[in-house]
S.K.: 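One structure is given below, represented as structure tokens, and several questions about it will come after.
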Amino acid sequence: MIRPSQQDARYVAYIVLLRVADGAYSDLALDSELKRSALDQRDRRFVTELVYGVLRLRGRIDFALGCFCNQPLPRLQSEVQWLLRLGAYQLLEMDRVPAHAAVDATVELARKLGLASLTGILNGVLRALDRGRDEIPWPQPQQIRPYLERVCSLPTWLAKEVMRLLPNQQARALGEALAQPARQSVRVNTLKTDRDSFLDLLCAAGHEARRCTFAPEGVVLERRGEQRLQGDEEGLYQVQDEASMLIAHLLDAQPGQRILDACAAPGGKTTHLAALTANQAEIVAVDKSPQRVELIEQGARRLGCNRISAHVWDMTLAADFLIPESFDRVLLDAPCSGIGVLRRNPEGRWNKTAADLRQLAALQQRLLAQTATLVRPGGLLLYSVCSFSHIESNDVIDSFIAEHPNFTLDPLPAQLPAHWASVFAPAGTLRTYPHCHEGMDAFFAARLRRRA
Ligand SMILES: C[S@@+](CC[C@H](N)C(=O)[O-])C[C@H]1O[C@@H](n2cnc3c(N)ncnc32)[C@H](O)[C@@H]1O
């Protein structure tokens with residue numbers, strides 16, 4: 001038997017997918033397998049597209065495969081399911097891969113993996129899919145739930161959640177946006193450069209980039225690619241979605257203040273707060289995960305943020321190093337379902353359930369109650385999540401306010417630029433959606449003020 005090699009892009013993609021199916025994070029598994037491989041840039045891009053594409057569109061692909069399989073896909077051996085998905089993704093979504101190459105390479109990969117007994121089913125199903133692709137009974141856009149599940153690739157629980165929250169037309173638009181790859185953007189590190197100088201640097205290196213509409217330090221990269229940009233080692237930028245960049249602006253952080261970032265890792269917003277206060281505020285960053293706290297420290301060093309102290313702590317518990325009522329500003333960027341950033345963590349669709357939303361909301365409420373004790377009278381507490389579920393957003397805030405009469409909702413739009421109006425909900429909270437806000441991730445934020 002000829003063994004598949006690390007030089008075979010489809011093999012590398014297959015291994016990453018199996019690791020993700022076993023519980024690994026797609027970005028970490030992809031990164032480590034690409035490092036072990038001997039693939040060139042082109043093949044690395046191919047693997048990346050295969051992995052993210054298969055995970056993102058798994059619902060769509062499984063529906064298509066189901067039309068040509070004699071038995072339900074979940075009944076097949078896991079290896080066959082992932083090989084079929086890999087082949088089907090190339091057939092249905094990658095125009096540049098000829099159909100015969102998609103089928104033959106999948107069958108050949110199975111043979112090299114020692115799965116010769118499965119080549120018949122792989123060959124049969126993929127060829128049938130190729131021949132019958134025009135007859136697949138895709139649901140019409142008006143059939144909203146089947147459309148969200150089979151075309152937009154949302155699991156049933158998430159399709160239901162989207163339909164509960166939004167009228168059909170918007171639900172469809174959100175589903176379609178979540179099925180696309182995410183826009184790539186970076187935050188220019190204003191401690192070291194300014195946006196126009198950084199754009200000049202990118203343009204001189206041949207990148208197509210433009211200013212973000214909302215975030216004043218944001219740059220959108222027109223072409224996707226996973227390579228580092230100019231100024232990476234010097235800390236001129238931080239990869240960050242534009243919606244995430246808006247959050248630090250909402251805290252109204254000022255030089256001279258004491259600021260707590262209560263769930264801070266990997267530190268995207270902590271380092272942004274340092275930049276917005278020109279390293280003139282004392283920033284305490286806390287996270288429960290020791291490995292992730294190291295990322296805050298590394299990021300702070302790279303970006304030149306020298307007033308951040310990072311600590312490992314479970315913020316549902318009182319900490320003796322955090323004095324009650326001692327912070328002017330507290331950011332709680334809480335752990336959440338991440339359904340607003342599904343385009344970046346595509347496996348999140350398949351490893352979460354509706355029950356997770358309620359469990360996370362309970363954790364979010366505990367974190368809010370604990371962090372609230374640290375805000376000084378008159379100070380601000382900003383709650384944010386990368387989720388569009390009301391269970392993790394409005395409901396958490398409503399019950400917090402009901403239980404904490406010493407806090408009031410502080411409407412956001414008042415001090416923020418007029419052209420941000422569309423990112424605010426009528427209640428004065430922030431709510432972004434990829435289909436409404438130029439492809440930004442879906443975020444929610446509410447600002448709470450402690451009565452003086
Ligand atoms: C949404 S992420 C934060 C992202 C971060 N603010 C940024 O912008 O880079 C949520 C973080 O909460 C942390 N976390 C979860 N439960 C926690 C707890 N009980 N106490 C402190 N941190 C917690 C997780 O480790 C995770 O890093």
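Start at 1 and go down the list; that is how both ligands and their atoms are numbered. Quick caveat: nothing in here was measured; it's all calculated off a predicted structure.
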S.K.: Would you say the side-chain atoms of Asp287 and Ser289 include a donor-acceptor pair closer than 3.5 Å?
M.R.: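 The answer is no; no qualifying pair exists.
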
S.K.: Considering heavy atoms of the protein only, find what lies nearest to atom 12 (O) of ligand 1 and give residue, atom and distance to 0.1 Å.
M.R.: Cys263 CB, 3.3 Å

S.K.: Find out whether the Lys NZ or Arg CZ of Arg258 is both under 6.0 angstrom from the six-membered ring centre of Phe327 and within 45° of the ring's axis.
M.R.: yes

S.K.: Looking at Asp62 and Gly59, would you say the former's side chain and the latter's main chain have a donor-acceptor pair under 3.5 Å?
M.R.: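 Not at all, since once roles are kept as given, no pair shorter than 3.5 Å links the two residues.
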
S.K.: Do any nitrogen or oxygen atoms of Val286 come within less than 3.5 Å of a nitrogen or oxygen of ligand 1?
M.R.: no

S.K.: Looking just at side-chain N and O atoms, do Gln365 and Ser399 make a donor-acceptor pair shorter than 3.5 Å?
M.R.: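 Side-chain D/A pair, Gln365 to Ser399: present.
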
S.K.: Between atom CD1 of Ile323 and atom OG1 of Thr373, what is the distance when rounded to the nearest 0.5 Å?
M.R.: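 So the CD1 of Ile323 and the OG1 of Thr373 are separated by 12.0 Å.
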
S.K.: For the 3.5 Å polar cut-off, considering only N or O atoms, please tell me whether Lys288 and ligand 1 meet it.
M.R.: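 Yes, since at least one N or O of Lys288 sits under 3.5 Å from an N or O of ligand 1.
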
S.K.: Does ligand 1 have any atom sitting under 4.0 Å from a heavy atom of Asp314?
M.R.: yes

S.K.: Under a plain distance cut-off of 3.5 Å, with no hydrogens placed, do Ser197 and Asp194 share a side-chain donor-acceptor pair?
M.R.: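 Asp194 vs Ser197: donor-acceptor pair found between side chains.
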
S.K.: Under 4.0 Å from a heavy atom of Trp313: which atoms of ligand 1 are those, numbered in the order shown and with their elements?
M.R.: 20 (N), 21 (C)

S.K.: To which of Ser289, Gly267, Ala265 does the heavy atom nearest atom 2 (S) of ligand 1 belong?
M.R.: Ala265

S.K.: Name the closest protein heavy atom to atom 9 (O) of ligand 1, giving the residue it belongs to and the distance to 0.1 Å.
M.R.: Gly268 N, 2.9 Å

S.K.: Check each atom of ligand 1 against the heavy atoms of Met315 and keep those under 4.0 Å away; list them by number with element.
M.R.: 18 (C), 19 (N), 20 (N), 21 (C)

S.K.: How long is the straight-line distance from CD of Glu392 back to OH of Tyr383, given to the nearest 0.5 Å?
M.R.: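 Answer rounded to 0.5 Å: 6.5 Å.
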
S.K.: Taking 4.0 Å as the limit for heavy-atom contacts, which would you say applies to Ala264 with ligand 1: side chain only, backbone only, both, or neither?
M.R.: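 Contact part for Ala264 vs ligand 1: backbone (N, CA, C, O).
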
S.K.: In the protein, what heavy atom is nearest to atom 8 (O) of ligand 1, and what distance, to one decimal place, separates them?
M.R.: Lys269 NZ, 2.9 Å

S.K.: Does atom CZ (Arg42) have a neighbourhood of more than 12 heavy atoms from anything else shown, all under 6.0 Å?
M.R.: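 Incorrect, the count does not exceed 12.
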
S.K.: With atom 1 (C) of ligand 1 as the reference point, say which of Ala334, Cys386, Cys336 has the nearest heavy atom.
M.R.: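 The option holding the nearest heavy atom is Ala334.
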
S.K.: Heavy-atom pairs closer than 4.0 Å: do any link ligand 1 to the side chain of Arg292, the backbone, both, or neither?
M.R.: side chain

S.K.: Between Phe214 and His419, how do the two ring planes meet: parallel, tilted or perpendicular, split at 30° and 60°?
M.R.: parallel

S.K.: Which atoms of ligand 1 sit under 4.0 Å from any heavy atom of Pro335?
M.R.: 10 (C), 12 (O), 15 (C), 16 (N)

S.K.: What protein heavy atom sits nearest atom 25 (O) of ligand 1, and how far away is it?
M.R.: Asp287 OD1, 2.6 Å

S.K.: Could you identify the single nearest non-hydrogen protein atom to atom 10 (C) of ligand 1 and state the distance to 0.1 Å?
M.R.: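 Looking at atom 10 (C) of ligand 1, the protein heavy atom closest to it is Asp333 O, 3.7 Å.
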
S.K.: In terms of heavy-atom contacts, does CZ of Arg366 have more than 12 from other residues, nucleotides or ligands at under 6.0 Å?
M.R.: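 Count not over threshold, so no.
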
